[in-house]
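Structure, as structure tokens:
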Amino acid sequence: MFRPVTGPTLWLYILGALAASGVIFFVLQAIPSRLRKPLVALITFVAGLYYATEFFWPVGADGANFLTPWIDPLAQMTQVLQAFALGLGVYSLASVHLRAVARQRSGWGFSVVLFAGLFAIALTGFLREYRPNRFNENVFNFFFVGGLQSLDATMFSIIAFYIVSAAYRAFRVRSIEATILLTSAFVVMLGQVALGQALTNNIPNQQFAANFRVENIANWILTRVNSPALLAVDFGLGIGGLATALRLWLSLERGSYFDKEL
Amino acid sequence: MFDFLTNPGAMRTANVWFAALCTLGLYSILYRENRFFRFFEHLFIGLATGYAVYTTWNDTLRPRWWDPMVAEGRWWWAFALPAGLLFYLIYSRKYSWMSRLIFAVFFGFAAGQAFQGFAAYYFPLVRSAINVPLVPAAGAAAAPGAYALTPMAGVLNNLLFLFIVISVMTYFFFSFEQKGPVAGVARMGRYLLMFAFGAIFGSTVMARMSLLIGRTDFLINDWIRQTVFRLPG
Amino acid sequence: MEHATWPARIVLALFSIIIIGAVLSAQRGRKLFIRRIPGLTAIDEAVGRATEMGRPMLLSVGLGSIDIITLQALAILSSIVQTAARYGNRVLLPVADSAILPVAEDAVREAYTAGGRPDAFHPEDVMFLSDRQFAYAAGVAGLINREQVASMFLFGTFYAEALIMAENGNRVGAIQVAGTPSTTQIPFFIAACDYVIIGDEFYAATAYLTKQPTLLGSLVGQDIVKGILIACIVLGALLLTFGSPVLYNFFQDRDLPLLGYLRQAIEAGGS
């Protein structure tokens with residue numbers, strides 16, 4: 001039954017699949033309310049059970065078990081399903097800004113700019129794809145390279161200003177923890193710039209004296225203090241993540257979203 | 001009328017002017033939020049969303065769903081469409097619960113993958129944490145530039161490593177009241193964390209500065225010198 | 001490691017049994033303790049500030065998709081929204097992933113209902129901005145400045161854009177509480193925010209805020225597992241010091257029959 005089909009019959013099969021989906025939809029909407037939550041819990045468990053079983057089940061000489069061939073198709077399916085969700089975001093954006101334009105709220109002109117940018121790059125992208133020529137390529141590049149990429153690069157570079165103001169504020173806090181943080185940051189920064197390295201350049205880079213060169217101190221902080229501390233944080237996060245995954249898988253998670261009656 | 005759009009020189013000039021205006025527009029928020037920034041903010045979001053629409057079709061839906069279904073005849077991919085549309089039932093008062101079915105699949109996948117994720121990522125980390133011998137290595141000699149208490153330097157560093165790992169992990173115990181020596185170790189762990197975070201802060205500053213240098217170089221050289229004043233590069 | 005080795009099966013089974021066992025034990029009514037988490041005690045203060053000033057609160061789950069971190073972030077934010085709902089505060093929640101949008105909207109709606117003010121929920125306040133990192137940051141920065149938010153809660157997966165959002169929050173005088181498993185962004189949150197949840201405190205947050213027995217029980221299980229891990233590391237280091245890489249080999253990527261690990265350790269110890 002699950003074999004590729006070609007020709008006009010393909011569309012019959014596709015329509016048949018959609019019709020079958022309709023039947024499934026009607027069956028689902030007939031499910032009584034008290035069975036909905038157990039159904040969601042069952043689907044969550046079965047979905048997780050696949051990956052858990054695939055991981056734990058012994059493998060053959062080829063490094064695969066009977067579930068392994070399904071990993072790639074499932075990953076593909078997940079990507080496709082998530083791609084369908086983009087429409088939700090576009091709808092959300094469009095509804096907010098269309099309402100602003102329709103009611104001529106303050107700043108509605110900016111919503112027009114938003115739509116102009118959206119349609120301009122989407123349209124030129126599709127034209128570039130389906131009618132490739134230099135004209136379409138150049139227009140697309142104008143919006144992508146000249147617009148989108150430069151806006152990205154600008155926002156990224158703006159962080160430099162914010163880092164300085166954040167460091168200044170942290171310096172004003174005057175607590176032990178802020179002092180430790182800034183001292184460590186200062187030493188590491190010094191160790192990475194030529195000016196900082198020049199301060200201890202006349203200390204020989206041999207034997208015990210080498211311990212007092214600023215780049216060696218910075219390197220020691222990064223490798224001997226930073227690494228084990230982050231390792232420990234990572235362990236805690238890993239265990240916390242595993243516990244959360246277990247609660248989710250077994251539908252033990254609590255919160256207003258999970259406790260809601262369906 | 002639109003011939004300039006195929007002229008490489010003209011297009012380069014247009015791109016540079018557009019990029020420069022975008023740059024200055026976003027930088028204006030450093031002064032305060034203003035209409036100039038708002039214009040480019042909305043343009044940014046519009047361009048990003050439009051590009052997402054284009055790439056979602058071009059890079060995901062067409063090669064992974066449409067082509068397999070239509071060009072390769074794998075008709076069963078048609079089931080993906082109603083499954084994907086389950087997301088949209090959130091907007092229906094009567095059927096909104098059905099959107100939880102598709103999320104149940106995603107939650108289940110995320111949870112099921114946690115086992116492999118944990119083992120693949122954390123087992124090597126545990127090995128690296130264990131690999132800290134507490135006696136000097138045989139034949140270890142003082143290396144130039146090393147902390148010349150070697151061969152004890154390695155042992156001291158390893159002891160410090162263990163102490164930091166244990167004290168930081170002690171800080172993250174939640175289910176009992178931390179009193180006495182445990183509280184002291186946990187407090188030490190927090191201070192060591194601040195040390196580590198300071199190191200991350202310091203090592204990132206230079207990277208961010210280089211991005212600013214790059215952007216400033218574009219404004220000064222590409223835009224003002226080469227495009228506005230047409231000076232040679 | 002693409003498929004489990006025997007040690008992986010043993011370790012993961014052991015950890016899972018401990019955590020689930022602790023959860024089930026807690027559900028039977030055992031009274032459990034959770035230590036104070038400094039950043040989370042400030043939530044009431046931050047919500048109160050927004051109420052006093054009559055300005056909205058901004059929440060963000062970062063850039064994550066439908067994953068464990070984002071779900072945990074939503075759980076934390078739901079708890080915060082429930083507190084905010086009691087005072088009728090307006091909550092803005094811009095999201096970066098369209099797939100998360102329905103979950104976020106549902107979570108916030110339910111939180112308002114649980115807080116006794118379903119009428120105070122505005123669907124348009126949970127909005128999609130952009131899935132592109134810096135477009136999202138620019139949108140949030142603009143939102144913060146235009147709405148003059150009084151408090152901000154940043155929980156989830158963040159990258160470089162974290163500092164942009166936090167600094168703009170500072171500019172409008174917002175009180176900020178942040179928490180992320182992204183350790184590389186924590187220093188910037190510490191510098192820019194008023195209160196920061198570090199590392200595993202992120203996963204402990206919902207237990208702290210709700211005091212749910214299931215979540216508290218899970219924390220007990222996590223603490224036991226952490227203790228076991230510390231013991232493994234110390235014991236492993238000591239064994240390695242005295243020439244026996246048993247535990248070191250136990251956590252390796254290659255699968256061996258169970259006794260193979262001991263044999264490997266003995267052979268390595270002899271060389």
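- Residue contact with chain A, scored on non-hydrogen atoms closer than 4.5 Å, involves the backbone and the side chain of B:Q113 alike.
- Note: A:L86 leads A:I24, A:L86, A:T244 in heavy-atom pairs under 4.5 Å with chain B.
- In terms of heavy-atom pairs under 4.5 Å with chain A, the best-connected choice from B:L101, B:L193, B:L61, B:L30 is B:L30.
- Of the atoms belonging to B:L219, not a single heavy atom falls under 4.5 Å from chain A.
- In this structure, B:M209 places its CE atom where more than 12 heavy-atom neighbours from other residues, nucleotides or ligands lie under 6.0 Å away.
- Comparing B:I166, B:I90, B:L43, B:L162 by how many heavy-atom pairs each has under 4.5 Å with chain A, the most go to B:L43.
- For the set A:L18, A:T78, A:V139, A:T6, the entry with the most heavy-atom pairs within less than 4.5 Å of chain B is A:T78.
- Chain A forms the most heavy-atom pairs under 4.5 Å with one residue out of B:F118, B:F218, B:Y122, B:F163, and that residue is B:Y122.
- Both the backbone and the side chain of B:F39 come within less than 4.5 Å of a heavy atom of chain A.
- For B:F106, the part lying under 4.5 angstrom from a heavy atom of chain A is the side chain only.
- Aromatic ring orientation, B:W75 versus A:Y13: tilted (interplanar angle from 30° to 60°).
- Ring geometry for A:Y51 against B:F109 counts as perpendicular: the plane angle is over 60°, on a 0 to 90° scale with 30° as the lower cut.
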